[in-house]
Amino acid sequence: MATSFTNAWKSNVEETLEDAIRNEFTASLPVFRTQNFKFRGNNFMTISGLSSESDNSMYAVIPNKFSIQLNFYFYDRKRNDITVQKFFNQVSRIEELLYSLLDLNPLYSFLLQSITYEDDDEFDGFRKAIFNIDVSNIR
């Protein structure tokens, strides 16, 4: 009998996050999954998986843990108080969306580990917020 393979990372974790962000922001915040990074548009997000761990043991319950990094880029050419306020409004909206994912699927628990902010010259006028997320499940 053939065994079907399901990529749990892509179908259950990454696509759930991507769909939730697209449902909340529609076309105003595109989400990319790419290894070759390029600045695209005025604001966008990238999803990258950092690691996944599985406890392969003889127990009936196998815990899985996925570490994800969401990068939110916001183009800020004016660099004034109004654009900083818009940036943090978007960041808080994304944070609220991530916390609402806790109720989405009872098999997976989304835990927002940290949010860090970067504003360097290397980003070509972009502000960056980095969301580190741990997603775990027990099957």
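Residue numbers run from 1 in the order of the sequence given. Because the structure is a prediction, the values reported are computed rather than measured.
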To the nearest 0.5 Å, atom CZ of Phe131 lies from atom CD of Glu95 at 6.5 Å
Mind checking whether Phe32 and Ile47 have side chains closer than 4.5 Å, heavy atoms only? no
What verdict does the side chain to side chain contact (heavy atoms under 4.5 Å, CB included) test give for Asn43 and Tyr75, after you've listed the backbone C-alpha separation in whole Å, the side-chain angles of each residue and the deciding distance to 0.1 Å? CA-CA 6 Å; Asn43 56 353; Tyr75 186 63; over 6 Å; no
In the structure I gave you, are the side-chain heavy atoms of Met45 and Asn71 within less than 4.5 Å of one another anywhere? no
Carboxylate-amine/guanidinium contact Arg79 Asp119, below 4.0 Å: yes
Which pair of non-hydrogen atoms, one from Ala129 and one from Val91, has the smallest distance, and what is that distance? CB-CG2, 3.8 Å
Are there over 12 heavy-atom neighbours, none belonging to Asn89, within less than 6.0 Å of that residue's CG? yes
Are any non-hydrogen side-chain atoms of Ile21 and Leu29 less than 4.5 angstrom apart? yes
For the backbone of Thr83 and the side chain of Asn80, can you confirm whether one donor and one acceptor N or O come within less than 3.5 Å of each other? yes
So how far is it from Thr116 OG1 to Asn132 CG, rounded to the nearest 0.5 Å? 6.0 Å
Take Phe74 and Phe44 through the test ring pair (Phe, Tyr, Trp, His ring centres under 6.0 Å) and record every step on the way to the result. CA-CA 7 Å; Phe74 181 84; Phe44 62 94; over 10 Å; no
Out of Ile130, Val31, Leu98, which one pairs with Leu70 under the side chain to side chain contact (heavy atoms under 4.5 Å, CB included) rule? Leu98
Can you say whether the rings of Tyr73 and Phe126 are parallel (under 30°), tilted (30 to 60°) or perpendicular (over 60°)? perpendicular
Does Arg127 reach the main-chain N or O of Phe87 with its side chain, forming a donor-acceptor pair under 3.5 Å? no
Is there side-chain contact between Tyr99 and Leu112, with at least one heavy-atom pair below 4.5 Å? yes
Quick check for you: to the nearest 0.5 Å, what is the distance between Asn42 atom CG and Ser28 atom OG? 11.0 Å
Measure the spacing between OG of Ser92 and CG of Leu97 and express it to the nearest 0.5 Å. 11.5 Å
Check whether any side-chain heavy atom of Ile94 lies under 4.5 Å from a side-chain heavy atom of Phe25, and answer yes or no. yes
Ile133 and Leu111: side chain to side chain contact (heavy atoms under 4.5 Å, CB included), yes or no, with the steps? CA-CA 6 Å; Ile133 304 166; Leu111 178 63; 6.0 Å; no
